[in-house]
Amino acid sequence: MKPLDSEAPDTRVRQFREALGAFATGVTIVTTRTRAGVDVGLTANSFNSVSLEPPMVLWSLAKTARSLPAFLESSYFAVHVLAAAQEELSHTFALRGADKFSGLTIERGRGGIPLLDGCSARFQCRTAVKYEGGDHVVFIGEVESFDHFERPPLVFHGGRYAQAVAKPRAAAGSEASEPDSSFSEDFLIFLVGRAHFQLFLGLKRDLERHGLTEWQWFVLSILGVRDNCTVADLDQILWRTGTRVTYELVAGLAAAGFAQLHGSNDPGARVTLTEDGRRVVIELVAAAKAIEAHAENNLGFEEAQLLKQALRSIIRETDPGPPPLNSPGYTE
Ligand SMILES: Cc1cc2nc3c(=O)[nH]c(=O)nc-3n(C[C@H](O)[C@H](O)[C@H](O)COP(=O)(O)O)c2cc1C
């Protein structure tokens, strides 16, 4: 417990702010227009609902804000609930007094107030009540009209921007019955490996139909976007996914009629796709995209983005660098 009078004022304000940061909020931009016709706005996370009938909302504005006189004199304001993609805009509107509207597409709402696009929801309000609350002024507005755009929201928590992800529903049955071991369901390496294996199962049947191994498919898929690579180029790209690309591996693709090798048995030999190879790549990429779309659909857009973000971060942190030369299995 922290009695509020036990610390120096600076420490107290910081600790109070940090404790408030435990409350996850959305992020809004509140806008208005002065009588002289100047557009004004700021980033605010103090927004909240007050009443459903009549519809009312509130937010609070620091008395030190440059925009205070504009909000005090105007009869209207608009609250824009920001979408996850609007972090930059939030930064811009958190700058003090800057020209925050330049380059933005603006519509005009009630009383000529500026309305921004791209947000998740937008409330046009008539200022109903203003209260002084310590170092802030609390504005309560009666909502006269609103828009709801169903975009995923931007979140603010612990002093940082975040994304909202729905909690998974409690796993019924299958997860609980998994055998407990050191590779338990909470072990990251196990989870990544098993997820890769299971996602790949759908494609394996297609690969087998064409007599392809997983690694040969990886080579073909790279040639699909970067034809005419050398064996060494392919090795450079693929070694980070766990395989070394050798002349022999590519020769197997050439024997199956999917690729053509130009040059002798060395890493500088160039590889191109044959007509058959290109046809198979198009077919398999379509199958892989269908599997991906299905998985992303199950996760939902935000969770899929977060998962990719986390995996990219692991990949960045654990990047082993270029492939070691003359390592086992690689013939130069
Ligand atoms: C996520 C976030 C939430 C904020 N919430 C508020 C708020 O609720 N009220 C407020 O007065 N300032 C808030 N601010 C700070 C203002 O956006 C900032 O002080 C801005 O410079 C004020 O602009 P102005 O001085 O041009 O009026 C917030 C800033 C951020 C980044």
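Indexing begins at 1, ligand by ligand and atom by atom, following the structure's order.
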Below 4.0 angstrom, N of the basic side chain to O of the carboxylate: do Arg108 and Asp39 qualify? yes
What residues form a side chain to side chain donor-acceptor pair (under 3.5 Å) with Asp233, not counting sequence neighbours? Thr230
Do NZ/NE/NH1/NH2 and the carboxylate oxygens of Lys289 and Glu296 come within less than 4.0 Å? no
With Glu214 via side-chain contact (heavy atoms from CB on, under 4.5 Å) - residues at least two apart: His196, Phe200, Lys204, Phe218
Name every donor-acceptor pair, under 3.5 Å, that has one atom in a side chain of residues 311-320 and the other anywhere in the protein, sequence neighbours excluded.
residue : atom : partner : partner atom : Å
Thr318  : OG1  : Ile314  : O            : 2.7
Asp319  : OD1  : Arg240  : NE           : 2.9
Asp319  : OD1  : Gly321  : N            : 2.9

Option among His210, Glu275, Arg209 that satisfies the side chain to side chain contact (heavy atoms under 4.5 Å, CB included) test with Val280: His210
What does the contact table look like for ligand 1 (nitrogen or oxygen on each side, cut-off under 3.5 Å)?
residue  : atom   : partner : partner atom : Å
ligand 1 : 5 (N)  : Asn45   : N            : 3.0
ligand 1 : 5 (N)  : Asn45   : OD1          : 3.1
ligand 1 : 8 (O)  : Asn45   : N            : 3.4
ligand 1 : 8 (O)  : Ser46   : N            : 3.2
ligand 1 : 8 (O)  : Ser46   : OG           : 2.6
ligand 1 : 9 (N)  : Ser60   : O            : 2.9
ligand 1 : 11 (O) : Ala62   : N            : 2.8
ligand 1 : 14 (N) : Thr43   : O            : 3.2
ligand 1 : 17 (O) : Thr43   : O            : 2.8
ligand 1 : 21 (O) : Ala94   : O            : 2.8
ligand 1 : 21 (O) : Leu95   : O            : 3.4
ligand 1 : 21 (O) : Arg96   : N            : 3.4
ligand 1 : 23 (O) : Lys100  : NZ           : 3.1
ligand 1 : 25 (O) : Arg66   : N            : 3.0
ligand 1 : 26 (O) : Gly97   : N            : 2.8
ligand 1 : 26 (O) : Lys100  : NZ           : 2.9
ligand 1 : 27 (O) : Arg66   : N            : 3.4
ligand 1 : 27 (O) : Ser67   : N            : 3.0
ligand 1 : 27 (O) : Ser67   : OG           : 2.5

